[in-house]
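Model, not experiment: these values are computed from the prediction.
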Amino acid sequence: MVTLRCTLAALSFLAGAGLAQAQAPKDTLVIGMSQFPSNLHPAIESTVAKVYAMRLGYRPIAGFNDDKKMECFLCTEIPTISNGRAKLVDLPGGKKGMTVRFTLHPKATWGDGTPLTSKDVAFSWALGAKPESGFSRAELFRKITRVETVDAKTFVLHMNKVAYDFADLVDFGLVPAHLEDSVVKGLKSPADYNKNTTYNREPTKAGLWNGPYLATQIQSGAFMVFERNPHWWGQKPHFKRITIKTIENTATLEANLRSGDLDMTSGELGLSIDQGLSMAAEPAAQQKYDFSFPPMLLYERIVMNQDHAALKDKRVRQALLLGIDRETLVKQLVGGKFPVAHTWVNPLEPGFDTNVTKFAFDPSRAKALLEQAGYKPGPGGIRVNAAGQRLSMEYMTTAGNKLRELIQQVLQNQWKQIGVEVVIKNVPARTFFGETLKKHQFSGLGQSAFSSTPESPPVTTLSTEGIPTATNNYGGQNYSHFSNPVMDRLINELQAELDPAKRKLLWTQMQTVFTDELPELPLFFRTDVWVVPKWMTGVLRPGQLPASTYTAETWGAR
């Protein structure tokens, strides 16, 4: 009898521990992800981890879908010049502006049942237009001079300039006025908003969400639980609960997937490409999972703190890029799956310049540039300047990311060959993105990825106004603090150009400035790793890129 009791207890424990995964009901889903968002506000600190998690419960008004086409998520029709919803208008001083009219879906509500209205749009704009609020796309809110609320569901954006991406509101952080208005009114300064927003203080409050799921449990750095939104007006989701677990070490992430503690991993922030390729080659894994390795608009680069004495000199920046054998790097580490990047513009983009300047691996030229910059060979092979200061700098990235840590080791060795010393110092992802990068707390180099939408102008990453500072509450993602008047002018001209052929010329000119100045070191464009259980449907779609979480309501089970 004792033996029987022990056996039953052991079986009960295994089931409770989630090890009897085969018997688990198919109406819940557990996803593994390697980073945890630093916050869940839809307009502050745009990171890949946050977008992935938030899209389960938050939808923008409109944006690009998985097929790289504009789609309404909360509206009824995409405004265009041809349908009359977008119009050019004359402004004082002979300038041109625009009016863009949207109609919100009549059934769209917040997660507590409160109707989602034009009042929410006007409130969000007024909040984002204040630089101190720290919204990541501050320029988007500033080019809108007024939100005209025609009625409860119709509004008109009045813009002080012509913009070819006028209908893309993916970065227009829509927040619920009925919850956030009292927060804003209680602030001593708009700069205090980030600390006091309900998204930080009570992120599981139902009224913050407007998508098919609601965040119901959150343990910072560990997991987020999303459950069906009873007020969701769209397609009813199959899964009643989706849990996103954060496991920052990608080797441990893989182990949890193999053990069955995870059903799948995030394509954007899951297994590294080398892990995915290795796993996909195993017959046992092929029986259990579907694998996909689609090219994405995801750019891996190294930003540089140009307050560092050596990095102020573009000859040093160019030498660093010449000292990296990127072609061999991607061939050996990821089987050549990642195309080498020469600028931030992906070859999949219409603005890509095939004749862009390319910094091929050339250690001799790199050494010559360092000589010209005043750095001579010194003790231990590390170069020194006239004052005897070593050419040394810190190199940071997200701790636990297996592939990035391998890249760091390779680059550390290759740069040593040209006389540059880098000291590796990594921190958790939520610290790296929440503090290190945006507050310029890295003294030398910082490696990260940047995700973009099709033909997205580099306002937040390469313009002067994209530099995160205390004044704008550290909004923006220009972490190198690159400020170049020619680039600023080209970005402004690009945004105002409606003719695709003329935009192509501006894209080419911007890439010329980039390769001359090298504000950051382009590494490669990432290919994501999608590992999806064969019993799931709707995630991997034939002929198209894998859908991210903004189509989670279409996911199902066989």
Legend entry - H440 side chain to N305 side chain, donor-acceptor N/O pair below 3.5 angstrom: yes
Inset, instruction - Would you kindly say whether T198 and E180 are connected by a side-chain donor-acceptor distance under 3.5 Å? - result: yes
Inset, instruction - Could you pull out all residues at least two apart from L277 that satisfy side-chain contact (heavy atoms from CB on, under 4.5 Å)? - result: I273, F293, K337
Whether [X] side chain and [Y] backbone form a donor-acceptor pair below 3.5 Å:
X    : Y    : value
S480 : P519 : yes
N473 : E132 : yes
N229 : A206 : no

Legend entry - Working for ring-ring contact (aromatic ring centres under 6.0 Å, His included), residues F226 and Y213: CA-CA 6 Å; F226 292 84; Y213 290 92; 7.3 Å; no
Inset, instruction - May I have all residue pairs that pass side-chain hydrogen bond (donor to acceptor under 3.5 Å, both in side chains) and include part of residues 29-38, sequence neighbours excluded? - result: S38-E45
Inset, instruction - Mind jotting down which residue pairs meet the side-chain hydrogen bond (donor to acceptor under 3.5 Å, both in side chains) criterion with at least one end in residues 548-558? Sequence neighbours excluded, please. - result: R59-E553, E268-S548
Legend entry - Identified ring-ring contact (aromatic ring centres under 6.0 Å, His included) counterpart of F141 within the set W125, F123, F172: F172
Inset, instruction - Go through the structure and list residues passing salt bridge (charged side-chain N to carboxylate O under 4.0 Å, His left out) with D165, not counting sequence neighbours. - result: K143
Inset, instruction - For K205, enumerate each residue passing the salt bridge (charged side-chain N to carboxylate O under 4.0 Å, His left out) test, keeping only those at least two apart in sequence or located in another chain. - result: E202
Legend entry - Test side chain to side chain donor-acceptor pair (under 3.5 Å) applied to E394 - qualifying residues, sequence neighbours left out: S443
